[in-house]
Amino acid sequence: GLTIGFLALIVIVSTTIWLVERGDSLFEQSALQRTTRVAAMGLRDDLRTAESSQRGFLLTGNQIYLAPYDTAKTRARQELDDLGRMIAPDAPNRAMLPRLSEAVDEKIADMDSSIALKTAGSDAEVMALIQRNRGKALMDEINVFLYGAILIADENGTRSSAEQQRSGSLLRWISAGAAVWIIQWGFVVVCPFSGNGRARKLAGE
C-alpha cells in the first residue's frame with residue numbers, strides 16, 4: 001500500500017509540474033502573438049505616417065510636413081526587423097517575409113525619390129512619378145501581408161489563451177483531487193497502525 005501510494009503521489013506531482021510548465025509556455029506564446037500583432041500594426045501605422053508626411057510636403061512644398069518622416073521610416077524598419085524575429089519558422093506567412101522586406105524598401109525608396117524631386121523643384125517629374133501609382137501598389141501589397149500577420153497572430157493568441165485556461169482548470173482539479181486522495185490515503189495507512197497500537201496496548205493490560 002505504501003509503494004502504491006508513493007507511486008501515485010509521484011504521478012500527481014509530475015503531472016502538476018508538467019501542467020505548470022505548459023501554462024508558462026502557453027503564456028509566453030500568447031505574449032509573443034500579442035507582440036507580433038503590435039509590431040505588424042506599428043509597421044503599418046508608421047508607413048502611413050511617412051506616406052502622409054510625404055503627401056503633405058508634395059502638396060505644399062512646406063518642409064514642416066517632413067518633421068515626422070525620418071522617425072517614421074526608422075521605426076518602420078525596426079518593426080520589420082522585429083517581425084522577422086517573431087514570426088515562427090513554420091508559420092504560413094514566413095515565406096512572404098523576404099517580399100515584405102523588399103516592398104517596404106521599395107516603398108520608402110519611392111517616397112524618398114518623390115521628396116528629393118520636389119525639393120529640387122522638379123514638379124513635373126514628381127507628378128509623373130505619382131501617376132505611375134507604384135507607391136500605392138506597394139502599400140496595398142504591404143497591407144495585405146500585414147493584415148494576414150495580424151489575423152494569424154489573433155488566431156494563435158486566442159488558441160493559446162484557451163489552452164492556457166484549460167490547463168489552469170485541469171491543474172486546479174488535479175490539485176483538489178490530489179489533496180482529497182492524500183487525506184484518504186493517510187487515513188488508510190495511519191489507521192491500521194493506530195489500531196495495532198491499541199490492540200497491543202490492550203493485550204499488555
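Throughout, numbering of the chain's residues begins at 1 and tracks the sequence. Scope of the values below: all heavy atoms of this structure, side chains included, with no hydrogens, waters or symmetry mates.
Taking each heavy atom of Ile150 and Ala40 in turn, the nearest pair found is CG1-CB, 3.7 Å. Between Ser114 and Gln54, the shortest heavy-atom contact is OG-NE2, 2.7 Å. Gly84 approaches Leu97 most closely through the heavy-atom pair CA-CD1, 3.9 Å. Glu79 and Leu43 make their closest contact through OE1-N, 3.1 Å (heavy atoms, listed as atom of the first residue, atom of the second, distance).
The line from CD of Gln63 to OG1 of Thr119 is 5.5 Å long, rounded to the nearest 0.5 Å. Here OG of Ser52 is found 14.0 Å from CZ of Phe57. Values are rounded to the nearest 0.5 Å. Taking CG from Leu58 and CE from Met111, the interatomic distance works out to 10.5 Å, rounded to the nearest 0.5 Å. Summarising the geometry, atom OG1 belonging to Thr36 is positioned 10.5 Å from atom CD1 belonging to Ile152; distances are rounded to the nearest 0.5 Å. Taking CD from Glu106 and OG from Ser101, the interatomic distance works out to 10.0 Å, rounded to the nearest 0.5 Å. Atoms OG1 and CZ, on Thr35 and Arg37 in that order, are 12.0 Å from each other to the nearest 0.5 Å.
Not one N or O on the side chain of Thr71 forms a donor-acceptor pair closer than 3.5 Å with the backbone of Pro68.
Under the rule for a side chain to side chain contact (heavy atoms under 4.5 Å, CB included), the partners of Ala39 that lie at least two apart in sequence or sit in another chain are Asp82, Leu83, Met86. Evaluation of the side chain to side chain contact (heavy atoms under 4.5 Å, CB included) rule for Asn143 yields Arg44, Arg48, Met139 as partners, not counting sequence neighbours. Under the side chain to side chain contact (heavy atoms under 4.5 Å, CB included) criterion, Ser122 pairs with Leu117, Ala120, Glu125, not counting sequence neighbours. Partners of Asn62 according to the side chain to side chain contact (heavy atoms under 4.5 Å, CB included) rule, which considers only residues two or more places apart in sequence or in another chain, are Thr60, Ile64, Tyr65.
Clustering ILVMFWY residues whenever any of their side-chain heavy atoms sit less than 4.5 angstrom apart, transitively, puts Leu146 in the very cluster that holds Met96. Cluster annotation: Val38 is not connected to Val104 through the hydrophobic network of ILVMFWY side chains, with a link wherever side-chain heavy atoms come within less than 4.5 Å. Under the 4.5 Å side-chain heavy-atom criterion for Ile, Leu, Val, Met, Phe, Trp and Tyr, Leu138 and Tyr69 are members of distinct hydrophobic clusters. One hydrophobic cluster, built from ILVMFWY side chains closer than 4.5 Å, holds both Leu66 and Val126.
When Asp112, Asp105, Asp46 are each tested for a salt bridge (charged side-chain N to carboxylate O under 4.0 Å, His left out) with Lys73, only one passes: Asp112.
Counting only residues at least two apart or on different chains, the salt bridge (Lys or Arg N to Asp or Glu O under 4.0 Å) pairs with a member in residues 51-64 are Glu51-Arg55, Glu51-Lys107. Counting only residues at least two apart or on different chains, the salt bridge (Lys or Arg N to Asp or Glu O under 4.0 Å) pairs with a member in residues 139-148 are Arg99-Glu141, Lys136-Asp140.
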